[in-house]
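Read the structure below first, then the notes.
Chain A is the first sequence line, chain B the second, and so forth, proteins listed ahead of strands; every chain is numbered from 1.
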Amino acid sequence: MTLDNATVKCYIQAMKEEKQYKIGELAELAGVSRRTVRFYVQNALMSPPVGLGRGSYYTDEHLTQIARLRDLQKQGILLRQAVHLNSEQPEPIIETPTREIVTRVRITEGLTLEFSHPVKVPAPSVLIEISTYLKNQLGIIFINPIKEKNRVE
Amino acid sequence: MLNKSSHLSNDEKYFGVFQADNATPVPLRGVSVEAHIDDFSAEVEVQQRYQNIEEKAIEAVYSFPLPESAAVCGFDVETDDKTIVAKVDEKEAAFEKYDESISKGWGAFLLDQDRPNIFTASIGNLLPKQSVLVKIKYVMELDSEGDGIRFFLPTTISPRYLPTKTLSESDPALIDHISPPTVAGELPYGLKLKIHVRQADKFQSFQSPSHPICIETIHNEAVISLGTETTQLNQDFVLVLRKKDPEEPSVVLAKDVDSGFVAMMNFTPQIDVLLKANRTVIFLLDCSGSMIGESIAQAQNALQICLHSLREGDRFQVIEFGSSYRSLFHSAVDYTQKNLDMAISHTQSIKADLGGTEVFSPLEHILKKESDASKAILLITDGEIGNEPEVISLVNKYRNSCHLFPVGIGRGVNQYFLKGLARSTGDFAEFIFPGERIEPKILRHFQRTRSPHFESIKLDWSPMEPIRQTPTQIDNLFSGDRLTMFARLNELIEADVHLQAKSGECTFDWQFTISPDTVQEHSAVPTLMARRLVRDLEENPASAHRGSSQSDRTDKMINQQIIELGRQYNLVNSLTSFIGIERRKAAVASTQPELRRVPIELTKNYGAVEETKMPTFIRKKMESVYRPLVIEDHDVAFDAISNLCSHTPDIPKFSRKRMASPTPSIVNENHEEMMRLIQSQKADGHWELNNDLLVISKIDTATVLTAIHEIHERLVNAKDIVATAIALKILEERFEEFESEWAFLADKARRFLEYYQIQMEDVRLG
């Protein structure tokens, strides 16, 4: 497709009107430090500046990105999650594995109750009642795969 | 930034705590530390070697710990052909220079303080195949500890708990610095350490509870190094230097940087008067996840000793905290046998299962609710939080209505937090490394809780007039705890300076002689003083202005003073950074160098996680990088250490198992026996007669029965009285070397006997 002159002129005009900020100006406008801007760029939380070296600059789009990141931070969303929200990556970022204290009570083979802290584990007599109830209600049938294979058709 | 490395197979993926993204090389190759210890202070140089083995320019960023009292006063960078000496500048201005230099294609080197005990070095625009050697210099005051001094070097940053409020409001770049990427396993850089101790003949021993060490003595200088060629940076290094003689008061005089003089005065008061009044003691115990394993076990032991050290007339409470907190009693209760039994029983069931480390709420609850002005809070924790300034500020508001005595437990304790808390109330913190004996430290704290209250403590400099003094106000004096004071003076004259303290009817006066002809030309004293002044301004700005001519205490003025002190004394602090620039003639402006965040090692035994295999992302690159000595066979390692060291009198004589064990412990059967005896004492100070006591005492049954019979003629509880006398006899005769640990309990026992008007001589035990 060939762009006509009028369209090209419009583009050039738009580019001229695009506000350009140095990192210090962007930081001041966004209410963050230069370090924070750099941190965002280095960790792919926002787009890098336009251009190279000393001539590089930031735009209103970067301001918008920073505002969004600040908003996410205030909501308590970790910045590693923010990358996921910003990008199209379907995979979630692995976070620090959370540690959880649980107590597991084996009702019967194949059936386990799990109590997370600080839920109190019921007394043994109560557990027996639960166990009996579940077994009756669920009518659990256990299939041994090996036996299945050996079953004569 | 951390991502799952999807290109690795399931077998290769490391299911540990963290992974670095895209398996990039770690640019840090090694860390080397050399220290010179001299009486009360140390001068230390940390060398970090960085190398870029990639084909593109990188920016290496490494966050690392230093002692919280470190006055960081030098940052030099050696490249292939030059040395860049960095200068101190205001923090944001320094960063601006750093950023601009990188965009020009120059080399840039930045050192920031993120916390008083966490620093970040940024090595910008490290060219392909380039190596640099970074040298960081600091000076620090050494802590006194009983009859000695303690040299402490943190090597890793334990994971910090960050409350939601802190996370949502703090600068994300700062959060990234204080919570760097962490790996559970060995990294391709290790630690070398050498410590020089001058006047070694003043010390009777050098011991390290944390690492095996080698000691050589050359011309009255002891040189201490690690027992292995390189060591992992995964736990604090602790060196305890025991002195032969008690410390004498001393004054060190030095020329200030521009003009005038600085005086550093050290002295350890011996105060024999003990406060007899009873106290309320609140035990605040950290039961967060970071305490799992050896830390919570040590905390339980510490708490049991504390409970037995209380006496009738005291009141106490036990509070556990994590993400929430819970109290054993509704409020502080009287110290009775019933309450003691309940507390001991509860202590035995304590677990580190309360989640995060929200220490602010329980502290606020205690400070607001427990109105008893004589209350003492014993906080037992590893201190791993990220909102230290907030909590320290809270305690500061209540500095006149409580005493706070932190006990730091673990291999990577946050000393800045715990010492900061203690300073807020004019008190002291104790630190227990796994394997160290808990009892002397806990009992030192108890001695502090019973110290007399001083209505006034002041330093009289007349006829001299100090321009500035730190501390500006001395809140407490504790027997056996060193007090260090600094003053800036315009002129020095021969004079006696007096420290005067008044407590009730008692007046104390200590004298220091100032001799101008002992002034040192080059000394660390001015830098140490500047570090103290900065800390005063950061932690307690209102107090820092007492005694100065400044009347306007706005934040802006305080910040300006902090920056000015940084510039004047070449110090990194919360508002200044070191910046060094390498101008490159052939520089080409290009895209930003790629960030290489240097991972750190997870603290050893953190959360009871044992060291597992090395992360595979690093193993892939190991062939081409510096490889620290890896000890695979611990038995072999022990022999290797013995061969390395020509003189190792103070390496603890552990079995080889200790070298392999992640939780070494010193087993002293004699001490264990004493602990069993101590723990059977009742709340009112008596012991009960039982078989164990008779066996330990080795007194024949007939003698005991006769003694009981004689007492029984006038007292019904003769058995308890005789048992108590037996226990006291055992302690005095068999466990004299541990007297400091049972002194409180013996005092309780004698009070019990006095109540029945019985002297030890009345109980005839042969």
Quiz item: For B:S324, is it the side chain, the backbone, both, or neither that has a heavy atom closer than 4.5 Å to a heavy atom of chain A?
Solution: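 Neither; nothing under 4.5 Å.
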Quiz prompt | Contact class of B:L110 relative to chain A, heavy atoms under 4.5 angstrom | solution =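 The side chain, not the backbone.
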Quiz prompt | Greatest number of heavy atom pairs closer than 4.5 Å to chain A - which of B:T164, B:D171, B:I175 | solution =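 Heavy-atom pair counts peak at B:D171.
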Practice problem: Search all heavy atoms of B:R596 against all heavy atoms of B:E594 and return the closest pair with its distance. | Solution: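 For B:R596 versus B:E594, the nearest heavy atoms are NH2-OE1, 3.0 Å.
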Practice problem: Check the angle between the aromatic planes of A:H62 and A:Y58 and answer parallel, tilted or perpendicular using the 30° and 60° thresholds. | Solution: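 Ring orientation of A:H62 relative to A:Y58: perpendicular.
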Exercise. Please report the C-alpha distance between B:D112 and A:R35 in whole Å, then the side-chain angles of each, then the deciding distance to 0.1 Å, and finally whether the salt bridge (Lys or Arg N to Asp or Glu O under 4.0 Å) criterion is met.
Key: CA-CA 11 Å; B:D112 292 320; A:R35 288 165 192 275; 2.6 Å; yes
Self-check item: Side-chain donor-acceptor pair present, B:Q113, B:H177, cut-off under 3.5 Å
Solution: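 No, B:H177 and B:Q113 have no side-chain donor paired with an acceptor closer than 3.5 Å.
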